[in-house]
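Below is one structure; the comments refer to it alone.
From a predicted model like this one, the values you see are computed outputs, not experimental measurements. Every number for a ligand or one of its atoms is a count from 1 in the order of the listing.
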Amino acid sequence: MCGIVGYIGPRDAASVVLTGLKRLEYRGYDSAGIAVLHQNGGIKTRRAVGKLHNLAERLGEDPLVGNVGMGHTRWATHGSVTENNAHPHIGMNHRVAVVHNGIIENYAEMRGEMEAEGIPFTSETDTEVIAHLVESYMAGGDDLMGAVQRALTQIQGSSAFVFISAREPDRIVTARLGNAGGIVIGLGQGETFIASDIPAILEHTRDVIFLEDRQMAAITRAGVELFDLQRRPLEPRLHAIPWDPVAAEKGTYRHFMQKEIAEQPRAITDTIRGRVDFHRRVVDLPTLPITAAEARQLEKIIIVACGTSYYSALVGKFMLENLARIPVEVDYGSEFRYRDPLISPNTAVLALTQSGETVDTLAAMEEGREKGARLWAIVNVMGSQAQRIADGYILMQAGPEIGVASTKAFTTSMVDQYLLALKLGTLRGTLSADTLRDAVRGLSHLPELVGQVAEDRAIYHDLADLFHNRRHFLYLGRGINYPIALEGALKLKEISYIHAEGYPAGEMKHGPIALIDEMMPVVAIAPRDGVYDKMLSQIEQVKARGGTVIGLVQAGDTQVREKADHLLEVPVAPPLLAPVVNVIPLQWLAYAIAVRRGADVDQPRNLAKSVTVE
Ligand code: AGP
C-alpha cells in the first residue's frame, strides 16, 4: 500500500521525508516522489519510477531546499507505473500539492467535468482530481483547510490525504475518509511529522496522535489542531508508542523476515508477559473486558481475517472450541459482509489483523457492529483502526513486523487466541483444574520450544538447493495442523513466487493425488497427535506414486523417518500449541528457497504489508 511521510520544522524536509519513506519500503511500491515548499517560493517536486534510490539520485542531481514537505511511495491502483502518475500531484496553478492513499471512487466523472472546464490533466490517476479541486476552492477564497473540507464533500471512497500549499507555508493539512491507510502524526520539539505508519517517524518521536475516520488536522511546527469534517475543533488523544526505534531496524540480519523469524521466542515471551499468573493459573486480559456472566452468555465467536491472519484464526477455532467450548466460525474479511451473517447480541466478532488497517477486515468489523455483535480485535499495531473501533482488544506485542511476509505476528496471534480461550474457559467454567494446569504449563514452556527451532539451520538451505527450481509444492496437514499447511504454502508462494497449495491431507484421494509426481515436493506435517497414523498413510500414498516427501516430525519420530525423503524436526509440544512450533521450519524453508532464487524477500512483487484498498 502507498506510504506517506510529511514534515514541518527546522530541518531539511526532503531528507527527513526520504528517510521516512525508506522506513516504509516494506509496504510495497512501484514509484515515489517528494514535494517541498521551496525556499525560493512555490512548490517543487521530484518523482521517480522504481525504488527509492532512483528518487534519491534525482534529488542528488537537483536538490529540493525547504523545511516543509511531504513524500509518497505509490502502489499503483489507477494509472500505470510512470513518473507522471507518481505522487505528489499538484494543482493546475502549482499552488497546492497532495499525496494520497486510497481510492476516489467517483474520480472519472469529476475528471470529465474538470476537463470540460479546460483544466489540464497530466496523469491517469484519481488523485490529481483533488489537487485541482482544492486549488480551485482556494482560488475562490477558501483557506487550505476550508478548501480541503469542501473538496471532501465531493468525493466518494476511502482515502487519506496530505496537502501543502505555497499560500500557507506554515502548515500542512491532512484528512482521512473511511478506512483507507492510517495517518499518524508525530509530535517533536518545534517540529511535527506525519506518516502512514509508525516506523517512518519512530526515530524522531514516540508521542503520536492517530487521525480517525472523517477527521482533518492542521499540522504546524507547534503541533496539531484537530477538527471533524464540519471544522469543529476536537481534542487530540495522545498515544505513547511502546516500540523502540531499534526494533524497526534490520540490525545484522540480511532481511527483516529473517530477523522476525529468529526473534519469535522473544516475541512470544512478550506476548505472554504480564498476562499469565503461572502460580495462580490466571489469565489477565485487561484490554478485553468481559464479565463471567457475559462470557457465559456468549453463543458464538466469528473470527474475521485475511491471508496469514485467516490461517491463524483457523488454529484459534480449535483453541477456543476446545478450551472455552464456544462455537467458532472463521470468515475471510473480504467475504464476511456478503453472506448476511447470522449475528445476535451474544455473538462476538473477533478481527485478527497484524496491521489493524486491512480494509476488508475493517469492513467485516463494521458489518459485525451494524448487526449488534460485540467487537473484539487481536492486532499488533498500537493505535490502528481495528484496535480503536473494537470494544476490546489484545495486542500481539510482537514488536514492529516489517517484512511483508507475516511470521511473528502469525505465531503471536495464535498465542493471543490461546490466552483468550483460557480466559473465556475460566469465566465459563469449562476448564477442569487439571486442564487449566496443563494448559498454563504448556504456555510456560512455549518460548523455549520455539527457541529450539528459531535458528536458521543448514537443512533449509540444503532443501533450497534441491528444490528452488521446482514449479509446484503441495503442503499437507490434518486437524489443527491443516491451517499450518495453508500458511506454509502461502509463505512459499508470496516470497519465492513458486506455486504452492495447502491441503487437508485426508482430501488427497479426492483429487490432488492426481498431481503427485517426482517434480512436486510434498511437505507433510506429521506430529505425533491424534491423526498421526492417518498422516503416515498419506505419506505412503504419496511415496507409492513416486512423490518426494519432506516430513515435518517431532523429535524421536521413527515411522515417518522410514518413509520420508527429507525431515524437518520440531520439539514435542502440546497439541493445541504445536502449530506455533510447527510453522517455524516452514517459514525458514520458504525464506531459504526465496533467497536461493534471488527474490526480493522483504518486498515481494505486487504485495503490500497492509492491504488498505479493496
Ligand atoms: C501474509 O504473509 C501476507 N502479508 C498477508 O496475507 C497478510 O497476512 C494479510 O494481508 C492480512 O494482513 P493483516 O494481518 O495486517 O490484516
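Relative orientation of the His472 and His499 rings is perpendicular, given thresholds of 30° and 60° on the angle between their planes.
Under a 3.5 Å cut-off, the side chain of Gln417 and the backbone N or O of Ser312 do form a donor-acceptor pair. Checked by atom type and distance alone, the side chain of His87 pairs as donor or acceptor with a backbone atom of His100 at under 3.5 Å. Looking only at distances, no side-chain donor or acceptor of Glu367 sits under 3.5 Å from a matching main-chain atom of Phe336. Under a 3.5 Å cut-off, the side chain of Glu487 and the backbone N or O of Pro483 do not form any donor-acceptor pair. Side-chain N or O atoms of Thr361 include none that pairs as donor or acceptor with a backbone N or O of Ala351 at under 3.5 Å.
The nearest protein atom to atom 11 (C) of ligand 1, hydrogens excluded, is given as Cys306 O, 3.4 Å; this is a heavy-atom distance. Of the protein's non-hydrogen atoms, Ser309 OG, 2.6 Å is the one closest to atom 14 (O) of ligand 1. Annotation: atom 3 (C) of ligand 1 to nearest protein heavy atom, Glu494 OE1, 3.4 Å. From the protein, the heavy atom lying nearest to atom 7 (C) of ligand 1 is Thr308 N, 4.1 Å. Nearest protein neighbour of atom 10 (O) of ligand 1, counting heavy atoms only, is Val611 CG2, 4.0 Å. In terms of protein heavy-atom proximity, atom 13 (P) of ligand 1 is closest to Thr358 OG1, 3.3 Å. Val404 O, 2.7 Å is the protein heavy atom nearest to atom 4 (N) of ligand 1.
Distances below 4.0 Å separate heavy atoms of Ala405 from the following atoms of ligand 1: 2 (O). Remark: ligand 1 atoms within the under-4.0 Å shell around heavy atoms of Lys491 are 1 (C), 2 (O). Less than 4.0 angstrom separates some heavy atom of Ser406 from each of these atoms of ligand 1: 1 (C), 2 (O).
The 12-atom threshold is exceeded at CZ of Arg339, counting heavy atoms of other residues, nucleotides or ligands nearer than 6.0 Å. The 12-atom threshold is not exceeded at CZ of Arg237, counting heavy atoms of other residues, nucleotides or ligands nearer than 6.0 Å.
The closest heavy-atom contact to atom 15 (O) of ligand 1, among the options Gly333, Ser413, Ala386, Ser355, comes from Ser355.
Contact annotation: Glu357 has no heavy atom less than 4.0 Å from any atom of ligand 1.
For Thr353, heavy-atom contacts with ligand 1 shorter than 4.0 Å involve the backbone as well as the side chain.
Side chains of Ile290 and Leu298 form a contact here, defined as non-hydrogen atoms less than 4.5 Å apart.
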